[in-house]
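Hydrogens, waters and symmetry mates play no part in the numbers below; they use all other heavy atoms, side chains included.
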Amino acid sequence: MVDIKFVKENLEIVKENIKKRNVKADAEKVIELYNKKNSLQLQLDGIRNKKNENAQKMKGKLPEDERNKLIEEGKDIKNQIASLEEEQKKLEEEYLSEYIKLPNLTHPTTPIGDTDKDSTELKKVGNPRQFNFKPKDHTVLANDLDIVDFEAGASVAGQKFYYLKNEGCLLELALVQFAMRLLVEKGFTPYMTPDMAKSSILEGIGFAPRGNETNIYSIENSDLCLIATAEITIGGMFLNKVLEEKNLPLKMAGFSHCFRTEAGAAGQATRGLYRVHQFSKVEMFVICKPEDSDKILEDLRSIEEEIYTKLGIPYRVLDIASGDLGNPAYKKYDLEAWMPGRGEYGEITSTSNCTDFQSRRLNIKFKDSEGKNKFVHMLNGTAIAVPRVIISILENFQREDGSVEIPEVLVPYIGSKEITRKGK
RNA sequence: GGAGAGAUGUCCGAGUGGUUGAUGGAGGCGGUCUUGAAAACCGUUGAGGGUCACACCUCCGGGGGUUCGAAUCCCUCUCUCUCCGCCA
């Protein structure tokens with residue numbers, strides 16, 4: 001969430017930002033409710049003060065009638081408090097529901113616009129390969145090479161589930177290992193996290209665990225949900241924590257499985273591995289001081305670029321437009337890999353600077369040199385979202401005979417240089 | 001899963017229902033003393049809301065209740081520890 005004091009003092013900026021972001025939110029209403037809430041609080045505080053004074057008076061010995069009089073007064077005060085508290089609770093809820101709709105502020109360099117088409121292409125790296133044969137789609141390649149089994153996935157778990165098999169399986173392990181080692185070298189602490197988390201953690205990070213628009217699976221008869229990204233479990237570790245300035249920035253690489261219901265995504269052009277209910281991902285997560293977050297976003301982007309350059313996958317970098325940022329992000333870059341099977345670029349990573357938007361909600365602070373507690377800035381970025389990388393590798397590295405070359409950096413982890421047709 | 005014990009400020013650790021936001025110690029910070037340091041002594045040392053600043057309010061694991069008044073009594077949840085069982 002955004003600093004409410006900032007909203008109060010910069011109403012015009014905030015209103016303009018809402019417009020830029022194309023979000024439904026009402027800054028004026030938020031302020032109105034905030035003021036209302038505060039004056040009620042003041043009233044309540046005054047009465048509570050009376051309550052405390054009343055209790056104070058009764059500490060020593062008192063004549064019976066005086067004591068009874070004070071008790072009667074106390075009862076009256078108690079009733080007043082109860083009714084005001086009820087009012088406060090309602091107001092608080094109303095305020096909060098409006099308040100959380102406010103999007104984060106937007107970085108001055110972020111392109112303005114409502115759709116993904118307004119995002120700026122910063123650069124293209126690597127040339128889409130020219131095939132002297134008709135390149136195949138990854139589903140065809142995977143099937144022919146016997147490395148992904150969609151049919152088994154569908155029959156055992158349903159549509160949009162799959163088995164990775166043979167080199168498909170090894171490829172996942174290789175990609176994870178490759179990414180983790182690269183990140184460890186860059187000072188990230190590697191983590192394998194739980195694949196489930198409590199609803200309250202999901203909410204804190206900014207996911208809606210229940211409700212009909214949710215993209216989250218929840219576990220019956222329990223408060224647990226399957227996580228949609230390790231961002232949830234990594235960020236959740238720091239809930240209500242005050243960190244030491246000298247330990248910042250904290251850089252973490254989290255491996256987890258990710259589960260998404262993809263409700264409402266049916267019918268989209270999402271064949272094969274592109275949009276699935278479960279996948280593995282290595283996620284980068286950084287907690288830092290406010291003044292460092294701009295630079296760290298660039299660092300995360302450049303790590304992502306390094307990964308895809310080393311893999312030899314052509315990609316482009318997008319500076320995501322204001323209307324397409326999502327509420328928490330202040331600035332966001334996507335990497336899109338060239339996918340010959342689709343004949344277009346497809347999203348493969350996303351890295352965001354969420355500034356203090358999440359940390360306010362999660363109550364994550366650090367103690368600065370003056371001993372003051374301040375909200376940290378939080379950033380996240382994809383290192384490897386396994387299935388989409390597998391798509392990119394299969395489609396970009398395919399040969400005319402249907403075999404696929406393995407990117408050199410992965411060869412040590414897989415133990416062979418190519419994936420060839422099994423004699424089945 | 002069964003039985004028991006516990007959760008208080010940076011940490012350790014007190015706390016009869018009414019000057020307890022909380023005794024005491026440790027640690028941190030500031031000071032006196034000292035050439036310097038140690039020791040000793042003195043002072044200071046949680047967070048949030050609110051305010052121009054005060055005032056004031058809230059917070060003793062979370063939630064609910066009893067009471068004029070709750071860290072203290074009751075209910076409930078969570079977590080931690082010990083013992084037993086089970087298990088990769």
How close or far is atom [atom2] of [N] from atom [atom1] of [X], stated in whole angstroms?
| X | N | atom1 | atom2 | value |
| --- | --- | --- | --- | --- |
| A:E72 | B:U67 | CD | C1' | 13 Å |
| A:I71 | B:G17 | CD1 | P | 17 Å |
| A:E85 | B:G65 | CD | C1' | 13 Å |
| A:N38 | B:C57 | CG | P | 17 Å |
| A:E53 | B:C57 | CD | P | 8 Å |
| A:Q56 | B:A70 | CD | P | 13 Å |
| A:I47 | B:G69 | CD1 | P | 14 Å |
| A:K246 | B:G28 | NZ | P | 13 Å |

Measuring to OP1 and OP2 of [N], would you say a side-chain N or O of [X] lies under 4.0 angstrom away?
| X | N | answer |
| --- | --- | --- |
| A:K78 | B:G69 | yes |
| A:K51 | B:C57 | no |
| A:Y34 | B:G49 | no |
| A:N54 | B:C68 | no |
| A:N52 | B:C57 | yes |

Using a heavy-atom cut-off of 4.0 Å across all strands, would you classify [X] as base, sugar-phosphate, or nothing?
| X | value |
| --- | --- |
| A:N373 | sugar-phosphate |
| A:K75 | sugar-phosphate |
| A:K57 | nothing |
| A:K365 | sugar-phosphate |

Self-check item: More than 12 heavy atoms from other groups under 6.0 Å of CZ on A:R399
Solution: yes
Quiz item: Within a reach of under 6.0 Å around CD of A:E306, are more than 12 heavy atoms found that belong to other residues, nucleotides or ligands?
Solution: yes
If you measure from the [atom1] atom in [N] to the same atom in [M], how many Å do you get, rounded?
| N | M | atom1 | answer |
| --- | --- | --- | --- |
| B:A70 | B:C79 | C1' | 23 Å |
| B:G2 | B:C56 | P | 50 Å |
| B:A5 | B:G63 | P | 25 Å |
| B:C60 | B:A22 | C1' | 8 Å |
| B:A39 | B:C33 | C1' | 11 Å |
| B:U72 | B:U67 | C1' | 13 Å |
| B:G21 | B:U58 | C1' | 11 Å |
| B:A26 | B:U80 | P | 32 Å |

Quiz prompt | Test: A:R388 cationic atom under 6.0 Å from A:Y274 six-membered ring centre, within 45° of axis | solution =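 Ring-cation test returns yes.
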My understanding is that a pair needs two contacts under 3.5 Å, Watson-Crick or G-U wobble. By that rule, which nucleotide pairs with [N]?
| N | result |
| --- | --- |
| B:A39 | none |
| B:C86 | none |
| B:G6 | B:C79 |
| B:U44 | B:G28 |

Exercise. Specify the residue among A:R67 and A:L70 whose closest nucleotide of RNA chain B lies further upstream toward the 5′ end.
Key: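 It is A:R67 whose nearest nucleotide is closer to the 5' end.
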Quiz item: If you pin A:D45 and A:K367 to their nearest nucleotides in RNA chain B, which one's is more 5'?
Solution: A:K367
Self-check item: Derivation and outcome, ring-ring contact (aromatic ring centres under 6.0 Å, His included), residues A:H257 and A:F255
Solution: CA-CA 7 Å; A:H257 295 108; A:F255 171 89; 5.5 Å; yes
Self-check item: A:E231-A:Q358 side chain donor-acceptor pair, cut-off 3.5 Å
Solution: yes
Quiz prompt | Working for salt bridge (Lys or Arg N to Asp or Glu O under 4.0 Å), residues A:K15 and A:E12 | solution = CA-CA 5 Å; A:K15 278 163 74 175; A:E12 284 314 308; 3.7 Å; yes
Quiz item: Are the side chain of A:T193 and the backbone of A:S256 linked by a donor-acceptor contact shorter than 3.5 Å?
Solution: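 Side chain of A:T193 to backbone of A:S256: no pair is present.
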